[in-house]
There are 2 protein chains.
Amino acid sequence: MRTATPLGRAAPENPDSLSRSARKDLTRANLLQAALNLMGGGRSFTSLGLREIAREAGVVPNAFYRHFRNTDELGLVLVEEAGITLRRLLREARKMDVAPRDMLRRSVGVYQEHVKRNRLQFVFISSERSGGSRILRMAIRNEVTHFTNEMAQDFRLRGLYTQLPTASLQMVCGMIVMTMLAAATDILDLPPEQPLLEGEMLENFVQQLKIILFGATRLNETFGVGTAPTARAFLPD
Amino acid sequence: MRTATPLGRAAPENPDSLSRSARKDLTRANLLQAALNLMGGGRSFTSLGLREIAREAGVVPNAFYRHFRNTDELGLVLVEEAGITLRRLLREARKMDVAPRDMLRRSVGVYQEHVKRNRLQFVFISSERSGGSRILRMAIRNEVTHFTNEMAQDFRLRGLYTQLPTASLQMVCGMIVMTMLAAATDILDLPPEQPLLEGEMLENFVQQLKIILFGATRLNETFGVGTAPTARAFLPD
DNA sequence: AGTTTCAGTGTACGATTGTACACAAAACGC
DNA sequence: GCGTTTTGTGTACAATCGTACACTGAAACT
C-alpha cells in the first residue's frame with residue numbers, strides 16, 4: 001500500500017519513499033498550514049483545538065504530539081514563520097533603489113502584494129497580536145519590534161532622518177509599522193474584488209504614511225514655532 | 001425602567017428583596033462582568049464557554065439562556081457597553097476648555113486614567129478588535145468608527161484643521177484613534193507599578209500624537225515644497 | 001385570595017475535547 | 001538482514017461542552 005493512512009489523503013505526495021525526516025517535516029508543515037487554514041475562516045487561534053487541527057491536517061489527533069507539545073507551541077512556530085515572512089518583505093523593500101518617483105506609493109503597492117500573497121500569515125498575526133494567549137502575544141510583539149528595529153536601521157543606512165535621535169527614529173518606525181498592520185487588517189477583510197474601495201483604502205494608507213513622515217521631520221523642532229495656527233492649540237510646550 | 005412590568009406600575013421598593021426585574025438585571029450584569037473578569041486573566045473571548053461564564057457569575061448554566069441566546073450575543077452587549085464608555089471619555093475630553101498649556105499631555109493623562117479605570121472593557125475591545133468572531137469584530141469596528149467621527153466633529157466645532165476636507169479630517173482622527181488604542185494595549189499590559197516605564201510610554205504616546213497633528217497640518221500642501229530634504233525622498237509627487 | 005409568570009434549578013444526553021497507552025510498520029544504523 | 005527508532009494509528013477515558021426538558025418558588029397580576 002502507498003501509505004499506512006487508512007483515510008484518503010488527497011495530498012499529491014510522492015508515493016515513493018521520502019526520507020523519514022522529510023515525511024515528518026511534511027506532516028508538520030501540514031499541521032501548521034491546517035491551523036492557518038482554520039483561522040482563514042474567521043476562527044481565533046486560541047479557539048482552535050488540537051483534534052481540530054489534526055483533523056484538518058488529515059492526521060490522527062495523537063500524531064500532533066510527535067511535532068508539538070500543545071497548540072501554543074504550534075502557535076509560536078507560526079509566529080516565527082510570520083516573522084521570517086516579515087523580514088523577507090523588508091529585504092524586498094530594501095531592493096528598491098533610492099528615491100524613485102512615487103516611491104511611497106510603490107512601497108505601499110509592494111506591501112499590499114505581500115499581504116495578499118501571505119494572507120493567512122497576516123490574518124494570524126493581525127488576529128493574535130492583541131488577542132489570544134499572553135505567550136503568543138509577546139512572541140508576536142517581539143517579531144514586530146524586531147521588524148521595527150530593522151526598518152529604523154534601514155532609515156539610518158539610507159541617510160534618512162539623520163537629525164533624529166535613535167529613540168525617536170524607532171518610535172517613528174513603530175508608528176509606521178502600526179499603520180502597516182492596521183492597513184493589513186483593512187486589506188484582509190476587504191470584500192472579494194472591489195477595486196474602488198481598494199484604491200480608496202490604499203490612498204488612505206499612503207496619506208497616513210505621509211502624515212507620519214512629515215510629522216517626523218518636525219519632531220525635534222521647538223513646537224509652536226512656524227506652525228500653522230490650527231495646530232498651535234494642540235502643540236504647546 | 002425600574003419595573004419592567006408591561007403596565008409600568010410603581011415599584012414596591014421592597015428594601016429586603018429586590019424587584020424581580022431588578023434581580024434579573026443584576027444577574028445579567030453579573031454574567032457580563034463574569035465574561036470580562038475571565039478575559040482579565042489573558043483569556044480570549046471566543047474561547048469562553050457559556051458554562052464557564054455562568055459558573056463565574058455564580059449561576060447555573062441554563063440561566064444563561066434567560067438573558068442571552070448565546071455567547072456572541074453577550075459579546076455584542078459588551079461591545080455596546082464599551083462604546084458607551086468610549087463616548088463618556090469623549091464627553092470628558094470635551095469638557096476640557098480650549099487650548100490650555102500642555103493640553104496634549106493633559107489629554108493623554110485623562111485617557112490613561114480612563115483606560116485604567118475601565119481596564120477590563122479596554123482589554124476586551126483591544127483583544128477582540130482584530131481577534132475573535134467576525135460579528136464581534138464588525139461591531140467593535142462600528143463603535144470605533146463612531147468614536148472617530150465624533151472626534152472629527154469635535155475638531156470641527158473647535159475650529160481645528162479647518163482647511164482640511166472632511167474625509168481627510170476623519171482619516172487623521174482615525175490615526176489618532178488607532179494610536180490611542182495601541183497605547184491602551186501598552187497601558188494594559190504594563191507591569192504592575194513601574195512609573196519609569198509608564199512615563200516613558202506616555203511620553204512616546206505624546207510624541208506620536210504630535211507627529212500626527214503636525215503631519216496633518218501639511219496634508220493639503222503640495223508635497224516636496226518647503227520640506228526638509230530627508231523627507232523629500234519619501235514624499236514625491 | 002388565587003392564579004399566572006418567569007428567573008433560576010436539576011438532570012440528562014450526545015458531542016467533542018485533551019491525553020494516556022499499546023501497537024503497527026516503515027525508515028534507519030549496523 | 002536484523003534489531004532499533006520513530007512516525008502515525010487505534011482504543012479508551014474522564015472532563016467539558018451546548019442544549020433540551022421538566023420543575024420550583026417567589027414575585028407580579030387579577
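Quick note on labels: first sequence line is chain A, next is B, and so on, each numbered from 1. No experiment lies behind these values; they were computed from the predicted model shown.
In the interface, the side chain of A/Arg55 is not paired with the base of C/dT16 through any donor and acceptor atom under 3.5 Å apart.
The listed nucleotides are D/dG8, C/dT5, C/dA26; the one nearest the side chain of A/His67 is D/dG8. Across D/dA20, D/dG18, D/dT7, the shortest atom-to-atom separation from the side chain of B/Asn62 is found for D/dA20. Which of C/dA7, C/dG8, C/dT17 sits closest to the side chain of B/Ala63 comes down to C/dG8. In the set D/dT6, C/dG8, C/dT19, D/dT6 carries the atom at the smallest distance from any side-chain atom of A/Arg20.
Distance A/Arg23 CZ to D/dG8 P: 8 Å, rounded to the nearest Å. Spacing between atom CZ of A/Arg51 and atom C1' of D/dT9 amounts to 13 Å, rounded to whole angstrom units. C/dT19 atom C1' lies 12 Å from atom CG of A/Asn70, rounded to whole Å. The distance from atom CG of A/Leu50 to atom C1' of D/dG8 is 14 Å, rounded to the nearest whole Å. Taking atom CZ of residue B/Phe64 and atom P of nucleotide D/dG18, one finds them 9 Å apart after rounding to whole Å. Rounded to whole Å, atom P of D/dT6 lies 17 Å from atom CZ of A/Arg28. The CG atom of A/Leu26 sits 13 Å away from the P atom of D/dT7 (whole-angstrom rounding).
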TODO: Show the numbers, then the answer: is there a salt bridge (Lys or Arg N to Asp or Glu O under 4.0 Å) between B/Asp186 and A/Arg141?
DONE: CA-CA 11 Å; B/Asp186 289 343; A/Arg141 180 173 299 209; 3.6 Å; yes

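A/Arg119 contributes a side-chain N or O that, together with a main-chain N or O of A/Leu188, makes up a donor-acceptor pair within less than 3.5 Å.
Screening B/Glu52, B/Glu56, B/Glu128 against B/Arg43 for a salt bridge (Lys or Arg N to Asp or Glu O under 4.0 Å) leaves a single residue, B/Glu52.
In this structure, A/Arg87 does not pair ionically with A/Glu92, as no charged nitrogen and carboxylate oxygen lie closer than 4.0 Å.
Mapping A/Val60 and B/Glu52 onto DNA chain D by nearest heavy atom places A/Val60 at the nucleotide closer to the 5' end.
As judged by a 4.0 angstrom heavy-atom cut-off over every strand, B/Thr27 is placed among residues touching the sugar-phosphate backbone only.
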